[in-house]
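To start, the structure itself, in structure tokens.
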Number of protein chains: 2
Amino acid sequence: MSNNADLENRMASLKAYMDANHLKSTAQRDTIAEIFFKSNTHINLEELLTKARKKTAKIGHATVYRTMKLLIESGLAVPRQFGDGQTRYENLPRDGHHDHIICIKCSKITEFRNDEIEALQLESAKKLGFKVINHKLELYGYCNSCG
Amino acid sequence: MSNNADLENRMASLKAYMDANHLKSTAQRDTIAEIFFKSNTHINLEELLTKARKKTAKIGHATVYRTMKLLIESGLAVPRQFGDGQTRYENLPRDGHHDHIICIKCSKITEFRNDEIEALQLESAKKLGFKVINHKLELYGYCNSCG
DNA sequence: CCTTAATTGAAAATGAATATCAATTTCTTT
DNA sequence: AAAGAAATTGATATTCATTTTCAATTAAGG
Ligand SMILES: [Mn+2]
Ligand SMILES: [Mn+2]
Ligand SMILES: [Zn+2]
Ligand SMILES: [Zn+2]
């Protein structure tokens, strides 16, 4: 699936969600959503706002917060908090769930997935009588450049 | 080791840290530290402040924040954030590191430890060129009462 | 077009945590 | 015991991310 087709898919998905919930399509929402869908990082509000204002001037920060909340509700964005007090957003990964390793020196964020860990989490929870809905696994340390 | 001996140990440990850093012993610090050391939950600032004021009236919230920061620096307290925007504190576990399962309905927090998971974390990080310093693993779901 | 309901941005409000600062207290030295 | 230096305290102000408020604007459907 090409980047462009992927973008179109996500825009259409958002549109469908908005239609189903009596929400209106606006230039601000389109701008913010498109910038977000095109981003492939863990982007924060500041970056989104800056980029959005280049396309559509005078966008307020409340609108960015509101639009990201909408994207989260519609399942297209995933909020992440890596401990520095600001929320970051990433696109719903097409290849499934992943966890993160964060460098405590340069802040580089690397994604990984270990199915053995995932399975052991469920097993641990089961032993304790819990039914897991989601989880957060973050490793903090030094990347190979900072090591 | 009895609870009382444990409390005395921790108080002495704090005292040693304060001595080594030219910090002074005060009634407020003693009150907050003792309340914290006696707590066996993941206690938040509000609870600490309420309990502290019963023993030593007029304690300011800034003092509780400052004392908890001191306890963290001295290695006696561990700060935890379970996603509800407020920091919780727990005593340095005597039996080593553990992770948490949190019920998303009743907020019950259960501790667990899985050495296989711990080992796999290091292994995953190593493959990516990272040296892990610490990590955060939280499972969210329903406990057996809420499930 | 018209009507209605949703949306927007500026500004105010919130809530957790930190900083400021004058007054108080501790600890060491006479 | 008194004094002085340095640390501590609590009230208050401040910061920072996020949310709320609200009057004005805009989208959508008939
Ligand atoms: Mn990611
Ligand atoms: Mn714990
Ligand atoms: Zn790095
Ligand atoms: Zn529960």
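Throughout, protein chains are lettered first and strands after them, A, B, ... in sequence-line order, and every chain is numbered starting at 1.
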I'd like to know if A/K69 and A/E73 make a salt bridge, using a cut-off of under 4.0 Å between side-chain N and carboxylate O.
no

Donor-acceptor contact below 3.5 Å, side chain B/T56 vs main chain B/R53:
no

State plainly whether the residues B/K38 and B/E34 are in salt-bridge range, i.e. N to O under 4.0 Å.
yes

For a quick check under 3.5 Å, do B/E116 and B/N114 share a side-chain donor-acceptor pair by atom type?
no

Sorted by number, the residues of residues 36-57 of chain A with heavy-atom contact under 4.0 Å to DNA chain D:
none

Can you tell me if B/Y65 touches the phosphate of C/dA17, counting only side-chain N or O atoms and a distance under 4.0 Å to OP1 or OP2?
yes

To the nearest Å, give me how far apart NZ (B/K58) and C1' (D/dT8) are.
14 Å

With a 4.0 Å cut-off on N to O distance, would you call A/D95 and A/R113 a salt bridge?
no

Contacts to DNA chain D from residues 17-30 of chain A, heavy-atom cutoff under 4.0 Å, which residues?
A/K24, A/S25

Round to a whole Å and report the spacing from CZ of B/R88 to P of C/dA17.
11 Å

Could you check how far CG of A/L70 sits from P of D/dT18, rounded to whole Å?
17 Å

Euclidean distance, atom CE of residue A/M68 to atom C1' of C/dT7 [Å, nearest integer]:
18 Å

Taking only N and O in the side chain of B/T87, is any of them less than 4.0 Å away from OP1 or OP2 of C/dA16?
no

Distance check needed: C/dA16 C1' versus A/D84 CG, whole Å only.
16 Å

Short side-chain to backbone donor-acceptor contact, B/T63 and B/I59, under 3.5 Å
no

Rounded to whole Å, how long is the line connecting atom NE2 of B/H61 with atom P of C/dT18?
11 Å

Any chance the side chains of A/H100 and A/E138 put a donor and an acceptor closer than 3.5 Å?
no

Would you kindly say whether B/H97 and B/E118 are connected by a side-chain donor-acceptor distance under 3.5 Å?
yes

Looking only at non-hydrogen atoms, find the nearest pair between A/L14 and A/A33 and report the distance.
CD2-CB, 3.6 Å

Whole-Å gap separating C1' (D/dT9) and NZ (B/K69):
16 Å

Over how many whole Å does the gap from A/E73 atom CD to D/dT19 atom C1' extend?
14 Å

